[in-house]
S.K.: 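What follows is a single structure, and I will ask about it in a moment.
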Amino acid sequence: MSQDPTYPLLSCIDDPTQLRELSLEQLEQLAAELRQFVIQSVSDTGGHLAAGLGTVELTIALHYVFHTPEDRLVWDVGHQTYPHKILTGRRERMSTMRKKDGLAGFPKRDESEYDTFGVGHSSTSISAALGMAVAAKRQQDERQVIAVIGDGAMTAGMAFEALNHAGDLDANLLVILNDNDMSISPNVGALSNHLARILSGRFYNSMREGSRKVLSVMPSMWELAKRTEEHMKGMFVPGTLFEELGFNYIGPIDGHDINTLIKTLRNLQKQKGPRFLHVVTRKGKGFQPAEDNPLAYHGVGKFHPESGKLEKKAPTGPTYTKVFSDWLVDMAHAEERLIGVTPAMCEGSGLVEFAKAFPDRYFDVGIAEQHAVTFAAGLACEQFKPVVAIYSTFLQRAYDQLIHDVALQNLPVLFAIDRAGIVGPDGPTHAGTFDLSYLRCIPNMLVMAPADENECRQMLSTGFRHDGPAAVRYPRGQGPGAAITPELITLPIGKAEVRRRGEHVAILAFGCMVAEAEKAADALNATVVNMRFVKPLDEALLQEMARHHDLLVTIEDNAVLGGAGSAVNEFLAQANLATPVINLGLPDSFLPHGEREAILADVGLSADGIIRQVDAFMQHLPHTKHATHA
């Protein structure tokens with residue numbers, strides 16, 4: 001590969017072994033080139049920007065000190081890893097980021113041997129790294145295992161469960177906290193950097209271990225020495241909690257000071273047992289617009305790399321998230337018992353305006369989905385009406401709480417489930433393709449899927465006023481463009497809507513699939529039913545459709561296994577109705593990242609795909625007058 005004059009050092013690095021050949025003096029230049037490359041590549045493709053800009057120096061230092069991939073490096077959360085991908089042989093493919101057949105937006109094991117663990121949801125790194133550390137010990141292998149956790153991931157209980165276990169095992173594990181919003185400690189500077197180097201050095205640790213052995217035979221003296229050490233460290237650093245969990249806490253240090261990072265990591269590399277390094281970085285570092293507004297530049301579309309100006313598509317209508325946002329504010333004005341709850345997804349789930357208008361009724365619990373759901377259950381026990389705004393993929397993490405703490409007690413909690421179905425570029429870790437399956441099997445649950453924006457608003461009102469748990473699941477992005485009525489109208493529970501009358505074929509469409517069903521129905525001369533409710537189903541209408549049509553077709557942007565179509569099959573079997581059924585939905589596989597529309601077309605959920613599959617089936621049905629549409 002010829003040297004690129006714009007990136008003279010970076011263009012010569014195709015794997016970390018070449019990085020390790022650089023001098024310490026060259027690493028500052030490499031960091032500048034790497035940061036600029038990240039800005040340029042994300043400006044062309046869109047993706048996660050601010051978090052990766054903050055990890056440039058840390059990424060360089062980690063690959064410079066440790067012998068990756070033999071040493072295991074586990075990132076958490078995954079959107080910090082663009083610099084890591086660039087330094088591990090994927091620089092030339094960054095233009096394919098999050099596109100079909102291109103690089104994934106998160107670490108992916110089958111993409112590179114340097115991606116030791118797939119990461120999409122947060123707060124998994126310490127658990128995974130601990131498993132790897134235990135495996136290394138059992139294999140009598142001296143490899144290092146490093147977990148890098150940050151960008152809010154330490155707010156999840158799972159991270160602390162893993163820390164507690166690791167300290168108890170005395171595992172050979174290094175946990176690095178990338179503290180990129182100053183949420184834990186602002187005291188970063190020359191003193192804390194110097195202290196961290198001392199505390200991680202050989203002299204301090206040999207003295208520490210030697211003193212432990214000597215004083216352990218004198219319990220009272222050992223306890224005094226231990227308390228003195230904790231007191232001295234507590235004067236400078238917030239490490240007491242991690243020390244109590246069994247870790248040797250070091251830091252906080254400046255995560256943009258490469259020399260300090262390398263010296264500290266080399267010291268820690270020589271140590272054994274659980275170690276915790278606290279690194280403070282600046283999210284969006286080196287790109288002023290992202291430094292000024294890291295939330296806006298967390299995940300971005302295409303933008304101008306010099307000015308930071310985001311490319312904005314001409315709006316054609318509100319997104320489903322905006323529909324929810326407006327509804328939440330309107331309903332909060334009408335009902336003072338409404339409480340909004342979200343697990344760290346204020347902007348993504350549309351709670352910004354609600355938080356401004358009703359700050360005392362808004363709760364962001366951090367990346368703690370389990371807590372969010374049980375917290376809402378507690379509110380519901382005391383006559384409040386909680387609305388949990390959450391992505392479909394993240395609700396999976398609170399499934400036990402959904403069943404045990406909400407549904408079992410039949411509590412009136414409304415789940416506004418965003419990003420249902422295929423989410424596109426974020427890929428399988430963020431796809432909401434299982435919610436209809438995992439929701440409809442839960443007793444007491446009311447499950448709805450809107451066909452358009454106005455129906456979404458009506459279903460939210462219906463679920464909110466329902467005396468029990470309810471879920472409204474809606475996709476990412478915009479709907480078909482239905483006019484929205486401002487009134488807080490409720491729908492009759494369990495009643496579907498016939499959108500079109502036809503012959504021979506009845507298409508039973510759920511949620512956003514209604515629009516594609518209507519397009520296909522024109523060519524098929526089919527009946528179209530907007531099912532609206534996944535649970536309860538409109539059983540009377542289903543019986544009518546089965547008795548007056550030769551074929552029923554269910555369509556959903558959810559896994560076919562156990563989904564809405566399966567619910568229809570179960571009812572028809574119980575009612576002894578033998579009408580043939582085709583269940584169209586998502587296959588039994590994890591679908592790749594790419595544009596949402598392209599993925600839906602690939603799995604046969606476009607209008608053309610529906611027509612093709614119905615025609616193929618109808619050709620084998622006797623006694624029909626159905627014309628095929630080749």
Side-chain angles (χ1 to χ4, degrees), residues 15-17 19-20 55 58-59 61-81 84-85 87-90 104 106-150 153-154 156-178 200 205 209 242-250 264-279 367 396-397 428-429 590:
D15 65 67
T17 59
L19 165 67
R20 294 172 200 132
T55 61
L58 178 59
T59 304
L62 285 166
H63 283 294
Y64 193 78
V65 172
F66 293 99
H67 297 286
T68 55
E70 288 79 15
D71 289 336
R72 308 297 197 247
L73 185 56
V74 184
W75 291 93
D76 183 4
V77 281
H79 54 241
Q80 302 182 90
T81 57
H84 161 80
K85 288 184 180 246
L87 293 176
T88 53
R90 288 167 276 183
F106 305 97
K108 189 176 180 184
R109 280 172 54 84
D110 60 8
E111 185 178 286
S112 171
E113 63 179 337
Y114 291 91
D115 292 359
T116 59
F117 196 75
V119 184
H121 293 183
S122 79
S123 315
T124 59
S125 61
I126 304 175
S127 297
L130 178 59
M132 294 176 185
V134 169
K137 184 175 182 179
R138 292 185 64 84
Q139 293 163 349
Q140 298 183 328
D141 195 308
E142 293 297 316
R143 64 178 177 265
Q144 298 277 337
V145 182
I146 308 99
V148 184
I149 184 167
M154 279 295 291
M158 183 176 177
F160 287 92
E161 292 172 16
L163 287 171
N164 182 56
H165 188 202
D168 184 58
L169 289 180
D170 196 34
N172 189 24
L173 171 69
L174 172 59
V175 175
I176 299 176
L177 170 61
N178 173 26
S200 65
N205 279 280
E209 289 305 310
F242 304 109
E243 293 277 355
E244 289 294 335
L245 289 170
F247 281 76
N248 181 25
Y249 174 91
I250 307 298
T264 305
L265 288 172
R266 280 177 171 166
N267 285 337
L268 290 169
Q269 187 182 32
K270 300 168 187 173
Q271 296 179 20
K272 302 294 183 182
R275 294 145 288 156
F276 192 100
L277 175 61
H278 184 173
V279 173
I367 303 176
Q396 294 166 183
R397 308 187 82 178
T429 59
F590 291 105

S.K.: Any side-chain heavy atom of L268 within less than 4.5 Å of one from V65?
M.R.: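 L268 vs V65: side chains apart.
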
S.K.: Going from CG on L173 to CZ on F247, what distance comes out if it is rounded to the nearest 0.5 angstrom?
M.R.: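 Rounded to the nearest 0.5 Å, the CG-CZ separation comes out at 5.5 Å.
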
S.K.: Restricting to non-hydrogen atoms, name the atom on H63 and the atom on R20 that form the minimum distance, rounded to 0.1 Å.
M.R.: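 The answer is O-NE, 2.7 Å.
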
S.K.: Within a strict 4.5 Å, meaning less than it, do heavy atoms of the E70 and E142 side chains meet?
M.R.: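 When only atoms from C-beta onward are counted, E142 and E70 do not touch, as no gap falls below 4.5 Å.
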
S.K.: For A135 and R143, work out which heavy atoms get closest and say how close.
M.R.: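 Looking at all heavy atoms of both residues, the shortest contact is C-NH2, 4.1 Å.
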
S.K.: Rounded to the nearest 0.5 Å, what's the gap from CG on L87 to OG1 on T81? Could you check?
M.R.: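 Spacing of CG (L87) from OG1 (T81) equals 11.5 Å.
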
S.K.: At their closest point, which heavy atom of Y114 faces which heavy atom of P69, and how far apart are they?
M.R.: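 For Y114 and P69, the tightest heavy-atom pair comes out as CE2-CD, 3.4 Å.
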
S.K.: Is the count of non-hydrogen atoms from other residues, nucleotides or ligands lying under 6.0 Å from R109 atom CZ greater than 12?
M.R.: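 No, not enclosed.
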
S.K.: Check this for me, if you would: do D141 and R72 make a salt bridge, where the nitrogen-to-carboxylate-oxygen distance has to be below 4.0 angstrom?
M.R.: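 Not counted as a salt bridge, because no side-chain N and carboxylate O are separated by less than 4.0 Å.
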
S.K.: How are the rings of W75 and H84 set relative to one another: parallel (under 30°), tilted (30 to 60°) or perpendicular (over 60°)?
M.R.: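 Tilted.
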
S.K.: Looking only at heavy atoms, which two atoms of P16 and T88 are closest? And how far apart?
M.R.: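 Nearest pair, atom of P16 first, then T88: CG-CG2, 4.0 Å.
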
S.K.: Keeping the roles fixed (side chain from Q144, backbone from F66), state whether a donor-acceptor pair exists under 3.5 Å.
M.R.: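 Flag not set: sc Q144 to bb F66 has no pair under 3.5 Å.
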
S.K.: Counting C-beta onward and ignoring hydrogens, is there a side-chain heavy-atom pair between P274 and D170 closer than 4.5 Å?
M.R.: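 Yes. Closest side-chain heavy atoms under 4.5 Å.
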
S.K.: Specify whether H278 and Y249 have parallel, tilted or perpendicular ring planes, treating 30° as the upper limit for parallel and 60° as the lower limit for perpendicular.
M.R.: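 Ring orientation, 0 to 90° scale: perpendicular.
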
S.K.: Does a side-chain heavy-atom distance below 4.5 Å link F106 with H121?
M.R.: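 No, side chains not in contact.
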
S.K.: How many angstroms lie between OG1 in T17 and NE2 in H67, if you round to the nearest 0.5 Å?
M.R.: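 The distance works out to 11.5 Å.
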
S.K.: Going by heavy atoms in the side chains, are L62 and T68 under 4.5 Å from each other?
M.R.: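 No, too far: nothing below the 4.5 Å cut-off.
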
S.K.: Are any side-chain N or O atoms of D168 and backbone N or O atoms of N164, one a donor and one an acceptor, separated by less than 3.5 Å?
M.R.: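 No; judged by distance alone, with no hydrogens or angles, the pair does not exist.
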
S.K.: Between L163 and F276, is there a side-chain heavy-atom distance shorter than 4.5 Å?
M.R.: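 Yes, side chains in contact.
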
S.K.: Rounded to the nearest 0.5 Å, how far apart are OG1 of T55 and CD1 of I176?
M.R.: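 Between T55 OG1 and I176 CD1, I get 11.5 Å after rounding to 0.5 Å.
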
S.K.: When rounded to the nearest 0.5 angstrom, what is the spacing between CZ in R275 and CG in N248?
M.R.: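 The CG atom of N248 is 9.0 Å from CZ of R275, to the nearest 0.5 Å.
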
S.K.: Return all side-chain donor-acceptor pairs below 3.5 angstrom for residues 122-134, not counting sequence neighbours, or 'none' if the list is empty.
M.R.:
residue: S123; atom: OG; partner: A153; partner atom: O; Å: 2.7
residue: S125; atom: OG; partner: D76; partner atom: OD2; Å: 2.9

S.K.: Can you check whether A104's main-chain N or O pairs, donor with acceptor, with E111's side chain at less than 3.5 Å?
M.R.: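 Yes; judged by distance alone, with no hydrogens or angles, the pair exists.
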
S.K.: Are the side chains of V279 and V148 in touch, meaning some heavy atoms are under 4.5 Å apart?
M.R.: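 With C-beta onward as the side chain, the pair stays apart.
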
S.K.: Distance from M154 atom CE to L177 atom CG, nearest 0.5 Å?
M.R.: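 Going from the CE atom of M154 to the CG atom of L177 covers 5.5 Å.
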
